[in-house]
Each structure stands twice: as structure tokens, then as C-alpha cells.
Amino acid sequence: MREILDDIDRWRSDGKKVAVARVVKIEGSGPRDPGAAMAVNEDGEVAGSVSGGCVEGAVVSEALAIIGENAPGRMVTFGYSDDEAFAVGLTCGGIIRLYIEQLDW
Amino acid sequence: MSTSIYQQFTDYIKNETPVALATIIEGPGVGAKLLVARVDGVEKVIGSLGHPELDRVVARDTAGELEAGRTGVRHYGPEGQATPEDLIDTPTVVVFIESFSPAPQLWIFGAVDFTAALGRVAKVLGYRVTVCDAREIFATKRRFPMADEVMVTWPTPMFEKRGSTLGPRDAVCILTHDPKFDVPAVQGALSTSVGYIGVMGSRKTHNKRLERLAEVGVNSPEQLSRLMSPIGLDLGGRTPEETAIAICAEIIARRTGHSATSLKNTDGAIHS
């Protein structure tokens, strides 16, 4: 998260709403460890990353939805488990669990 | 107006204070935050997860994770219950604890061309870079703008003063080729718990250095096995930049314990 703080500061000083997605758990093979973080502002601008590019697009949609609905933070899972709402998979075959929340704290 | 938790969190990160952030990611109180910072060796706790006993237990665990530099998920009851029996028939509070330790250090001894290239590559990898040389005309911030710090000093006082701050995540690279400088630098580095010690020089220089180290009593197998000398992986590169990559790649491989051969030629999990 350290590497995206400058972008977050800049957006917040411009009065933009920001959501942050953090990897909290990886099962099997995964490109980024827990703690990898990505920030999205209300205009859809992005800083940082949470995978090798496999799920970033879906994370942006989810982050924008949370900002738009002014919703509380929630867990989002990407991977092979078939009861998940998201069709996006990881090419490496792993499962990635993210926590996405608005930066309102 | 009180400063937000986020503001305090970013202030701690920017001034390199060790800090850990605990967030409820599932269960009652989702989104609540507890921040634990270690300021001058004393833990400071900011924020609340909604129950004093939960705060107490999570602050204790978060301090432990911070000490170990770990990041991960833990489960509690809403009133801080932590044992499996206590968690039966209670909603589960899932807490993500993320540790932010200060950047790892790289000390480079010797203000030479290889130093500038190594400093640049190390900055890409997130190191805090310190360049040390006893020669005032070479050890200048102007020659090493990428360095966080340029010290005009001999190795021994540097290690005496700050050697205790080096740990397993940190690295010392000795690029001087000068026995006056590299023998005390090796001695100093070996007196710390630094994770990587690399010493530059041809095989001939390396062999002569071993003789000089033996003269000052550095000759035990345990000591010599810590020295990566000649420094770097055998990539066949020539330029300072290519050499810097060979050194940094060796630092990573030593930390992870991996073989540093092509994945094409190995089996098993890539990320382990």
C-alpha cells in the first residue's frame, strides 16, 4: 500500500472519492502476496495492482460500485470456486480474496 | 478536530515508523480499524473495533504480527474470544492484520561506478540505500543522487554506530576492492545479523582477500559461508547496470533460498 499513498493523497486533495482493494488471502498459486493493494478513484483512475493483470478490471468495477452506492467494505473472491458471483479467473489457477472499501476512515 | 486514522497511518509510514493496520473484513463491525505503531520502542494503539476486550486482544496480536513483520487474517468473537471453544455459537469477526515495516536497508561500501548502478536497481526494489566511502571527493550526494544517504566514513565506526539496525532483510555490498577498506567492512558486516554480505573482486582479488581476512582472524567456515564473494550471480553481464542486476538477483535468491536457475529447468510451485 506504501507505493500508492502519493496517488491517494493527490486524489483526496482534489476532493475525489477513493476506494482501496487489498489482497487478504491467496490460495494456491498467486502472483501477489497479501497486502498488495490497488486504489481506484471515482473517475476510474487506478494506482497499484493486486494480481498480474488478471482481475484488475473486475476490481475497478467493484470499487466503483462501492463508491457509487456509498456501500460498506466487502470481500470479493476471484478464482475457480464455482459458487462465486465473479466469472473472472486467474490464469495461474489460484484463488485470490480481496477486501475492497471506501477510503473514508 | 482529531486527525483521521488514515492520516495517522500514512504519517507513520512516511516517517518510517513500524506500523500495523487491523481491519474487520467480515462479520459485525466490518470496516472498523485498529492501528498499532511502535514509536521509540513503545506500542501506541489508535482506533477501535467496537468492544474493549476485542480491542485488547487484537492490539496484542497485531503488535506480535508487527514484531514479526507478518501480514494475515485472524478470527475472533465479537468480544475478543479467541479460542475455538469460545468461538462456538458466536458470530465470527474476521480481522485482516497488515504489517508495514520500514524499507529494508542496503549499505554500499565504495563510491564507484558500480555503486551508482547498484543504488538505482536497489531503489527499484524498495531498499533504503546508504553509500559509504572514506574519500570525501568521491562520496558526494551529487554523484549518488539515488542514495537516501551518502556517508563519508570508514567502515568500522559505521558498523559500531549503526550495525545493530541491520537484520535478515538487509544487505551489505562491499565494492571497494581496497584491502584497507574491505577487510574492516567484512569484519563489521559479519558482526551484525545482516542477511546478505557481498564482496566484489576478481577470483584473484577474492583469494588475496581471504588471506588478509585470515590474518585478522576471519576464517571460520560459518563466517566465510556468509560471504558472497565474488559478488553476484553468474549472468555473464559486463556493464555496471548488468552487474547491479546480478547482485540484486543474488540478494533475492539468498533471501528466498531458491536456486536462481531458469524456471524452465525446475519443477514444482513457482511461488512458495
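Computed from a prediction, not measured in an experiment: that's the story for all the values here.
Only the backbone of A:V23 comes within contact range of chain B, judged by heavy atoms closer than 4.5 Å.
With chain B as the partner, the residue from A:M75, A:R74, A:R22 showing the most heavy-atom pairs under 4.5 Å is A:R22.
Within residues 69-87 of chain B, the residues that have a heavy atom under 4.5 Å from a heavy atom of chain A are B:T71, B:V73, listed by number. Proximity to chain A among residues 90-100 of chain B is limited to B:F96, B:E98, B:F100, judged by heavy-atom separations below 4.5 angstrom. Chain A is approached within less than 4.5 Å, heavy atom to heavy atom, by B:I13, B:K14, B:L21, B:T23, B:I24, B:I25, B:E26, B:V30, B:G31, B:K33 from residues 13-33 of chain B, ordered by number.
Partners of B:Y127 according to the side-chain hydrogen bond (donor to acceptor under 3.5 Å, both in side chains) rule, which considers only residues two or more places apart in sequence or in another chain, do not exist here.
For CG of B:D234, the number of neighbouring non-hydrogen atoms (other residues, nucleotides, ligands) closer than 6.0 Å is 12 at most. The neighbour count for B:K161 NZ, taken as heavy atoms of other residues, nucleotides or ligands under 6.0 Å away, does not exceed 12. The number of heavy-atom neighbours closer than 6.0 Å to NZ of B:K123, taken from other residues, nucleotides and ligands shown, is above 12.
Here CG of A:D104 is found 12.0 Å from OH of B:Y6. Values are rounded to the nearest 0.5 Å.
Residues B:F9 and A:M1 meet the side-chain proximity criterion, which asks for heavy atoms closer than 4.5 Å.
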